[in-house]
Amino acid sequence: MPESNQFSAPLSPSPSPSPSPVDPAFQPRLVVTDLDGSLLDHHSYDFSPAAPWLARLKQMGVPVIPVTSKTRAELIPLREALGLTGTPFIAENGAVIGLPPGWCHARLDRPGSGRDGVVIKHPGVDVGFIRARLKVWRERLGFQFTRMGELSVQDVMELTGLDEPRARDARQREGSEPLLWKDSDSALETFRAALEGDGLQLTQGGRFWHVMGRSADKGSAVEWLVKRFTALRGRTPLSLGLGDGPNDISMLEAVDQAVVIRGCHNLVVEPRNTSLYRTEATGPTGWAEGVAHWWGRDDRRLATAEKDDAVVI
């Protein structure tokens with residue numbers, strides 16, 4: 001079955017009659033996940049420890065949706081490498097939503113113009129507006145920061161460890177602008193208030209602060225995709241979210257089951273979710289640990305898939 005058709009396929013691995021909808025083992029499911037420091041190693045971008053789970057979830061038709069601060073351009077090769085070209089993506093911390101054909105509504109979505117046929121939604125504001133307001137506030141109040149758009153490709157490479165092609169892709173912003181904050185904490189709060197007056201918000205990522213529209217964040221984008229899934233499938237999925245940073249909090253609060261992956265940083269990540277698990281391991285090893293915690297013990301579909309291939313944690 002082509003991956004783009006996974007969305008409309010049953011999530012049960014066998015053609016047996018549909019079970020009772022109250023049976024949690026057969027409820028439709030989806031995974032939303034941060035990339036850097038979560039599904040991808042923070043330094044090497046390796047995801048091999050999570051690969052067995054990715055393969056198993058794909059086999060069962062469970063969508064795995066990247067939810068990241070990365071740009072759409074950065075995600076094109078990553079989605080191919082991860083085998084996720086048939087599932088949606090959320091880029092720039094929620095400012096960009098990409099829908100593959102299997103997630104599009106005939107009356108609501110125009111055909112995608114990209115090489116992979118993805119339809120793009122922009123919940124927030126245009127990056128040009130964001131940059132214009134940043135210029136105004138820096139000139140008016142003298143805030144000290146550097147926008148990603150002001151950094152050279154070499155600067156981005158040194159700050160992120162990306163190679164040149166990926167650094168160029170990281171600068172192709174559509175609905176958000178990362179920046180390096182070089183001012184005081186009190187100035188940061190003044191800056192945040194100024195942005196809110198413009199309908200913008202400030203979100204902390206692993207390396208940068210991100211400025212985007214108030215209505216654009218990871219949690220809002222995830223809620224939108226869950227509603228789209230429900231509208232097309234006719235059933236609300238059980239959602240699992242995994243992330244390691246403060247910009248993942250809204251996403252982890254928008255899902256039924258949440259995993260905070262131990263980060264390679266000292267940032268506080270405290271989502272308000274009663275179904276919360278914190279991993280011992282970091283990166284993709286922690287990602288696999290988190291999926292196994294929620295779905296690796298009591299899910300009969302997973303038990304069926306494990307007969308021929310044990311999960312590697």
Side-chain angles (χ1 to χ4, degrees), residues 1-16 19 23-35 38-41 46-68 75 78-90 98-100 102-103 222 225-226 228-230 232-233 235-244 248 251-252 254-261 275 277 279 281 283-313:
M1 176 188 301
E3 188 182 359
S4 61
N5 293 333
Q6 282 186 357
F7 182 82
S8 58
L11 294 188
S12 173
S14 67
S16 57
D23 187 341
F26 293 92
Q27 182 181 4
R29 300 187 177 199
L30 63 81
V31 175
V32 292
T33 178
D34 176 51
L35 292 182
S38 298
L39 183 54
L40 303 177
D41 182 86
D46 175 51
F47 65 90
S48 56
W53 268 109
L54 286 175
R56 191 152 301 112
L57 293 168
K58 182 177 181 179
Q59 177 186 0
M60 293 184 300
V62 177
V64 177
I65 300 171
V67 185
T68 176
L75 278 174
L78 277 173
R79 290 172 68 230
E80 293 175 352
L82 292 164
L84 302 179
T85 55
T87 62
F89 62 83
I90 296 170
L99 299 175
W103 282 68
V222 166
L225 279 177
V226 169
R228 172 58 63 95
F229 182 106
T230 303
L232 294 177
R233 269 302 289 275
R235 295 180 63 190
T236 301
L238 177 69
S239 55
L240 172 63
L242 304 98
D244 75 314
D248 297 318
M251 173 185 72
L252 298 176
V255 295
D256 298 307
Q257 298 167 325
V259 175
V260 174
I261 298 170
S275 298
Y277 174 73
T279 71
T285 302
W287 193 93
E289 177 190 338
V291 177
H293 172 81
W294 288 115
W295 292 359
R297 295 187 177 93
D298 59 357
D299 190 330
R300 292 192 294 281
R301 291 178 304 162
L302 292 176
T304 300
E306 287 168 2
K307 288 181 179 179
D308 300 320
D309 182 18
V311 177
V312 178
I313 300 301

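Computation of the quantities below employed the complete heavy-atom set of this structure, encompassing side-chain atoms and omitting hydrogens, waters and symmetry-equivalent molecules. One is the number of the first residue; the rest follow in order along the sequence.
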Quiz item: To the nearest 0.5 Å, what is the distance between CG (L225) and OG1 (T230)?
Solution: 10.5 Å

Practice problem: Might you point out which heavy atoms bring I261 and D244 nearest each other, and give the distance in Å? | Solution: O-CB, 3.4 Å

Quiz item: Hey, does S239 have a side-chain heavy atom less than 4.5 Å from the side chain of F229?
Solution: no

Quiz prompt | Steps toward side-chain contact (heavy atoms from CB on, under 4.5 Å) verdict (R228, L99) | solution = CA-CA 10 Å; R228 172 58 63 95; L99 299 175; 3.5 Å; yes

Self-check item: Audit row: L39, L242, side-chain contact (heavy atoms from CB on, under 4.5 Å) steps and yes/no
Solution: CA-CA 8 Å; L39 183 54; L242 304 98; over 6 Å; no

Quiz prompt | Test log, rule side-chain contact (heavy atoms from CB on, under 4.5 Å), inputs F89 and T68 | solution = CA-CA 8 Å; F89 62 83; T68 176; over 6 Å; no

Quiz item: V64 pairs by side chain to side chain contact (heavy atoms under 4.5 Å, CB included) with which of T33, T87, V32?
Solution: T33

Practice problem: Please report the shortest heavy-atom distance between G102 and L232, naming the atom on each side. | Solution: O-CD1, 4.2 Å

Quiz item: Heavy atoms, side chains only, cut-off 4.5 Å: are T85 and P100 in contact?
Solution: no

Practice problem: Please list, chain by chain and in numerical order, all residues satisfying side-chain contact (heavy atoms from CB on, under 4.5 Å) with S48, sequence neighbours excluded. | Solution: D46

Quiz item: To the nearest 0.5 Å, what is the distance between CH2 (W287) and CG (D34)?
Solution: 12.0 Å

Quiz prompt | side-chain contact (heavy atoms from CB on, under 4.5 Å) assessment of L82 paired with R79 | solution = CA-CA 5 Å; L82 292 164; R79 290 172 68 230; 6.0 Å; no

Practice problem: Could you tell me which non-hydrogen atom of G83 sits nearest to which non-hydrogen atom of K58, and how far apart they are? | Solution: O-NZ, 3.9 Å

Self-check item: Backbone N/O of A281 and side chain of E289: donor-acceptor pair under 3.5 Å
Solution: yes

Quiz item: Who pairs with F47 by ring-ring contact (aromatic ring centres under 6.0 Å, His included), at least two apart in sequence or on another chain?
Solution: none

Self-check item: Approximate separation, where rounding is to 0.5 Å, of R56 CZ and W295 CH2
Solution: 13.5 Å

Exercise. Could you tell me which residues satisfy side-chain contact (heavy atoms from CB on, under 4.5 Å) with P284, sequence neighbours excluded, listed by chain and number?
Key: D41, P49, A50

Self-check item: Point-to-point distance, once rounded to the nearest 0.5 Å, from CD1 of I65 to CG of L240
Solution: 11.5 Å

Quiz prompt | Minimum side-chain heavy-atom gap L75-L84 below 4.5 Å | solution = no

Quiz prompt | Donor-acceptor contact below 3.5 Å, side chain Q27 vs main chain T236 | solution = yes

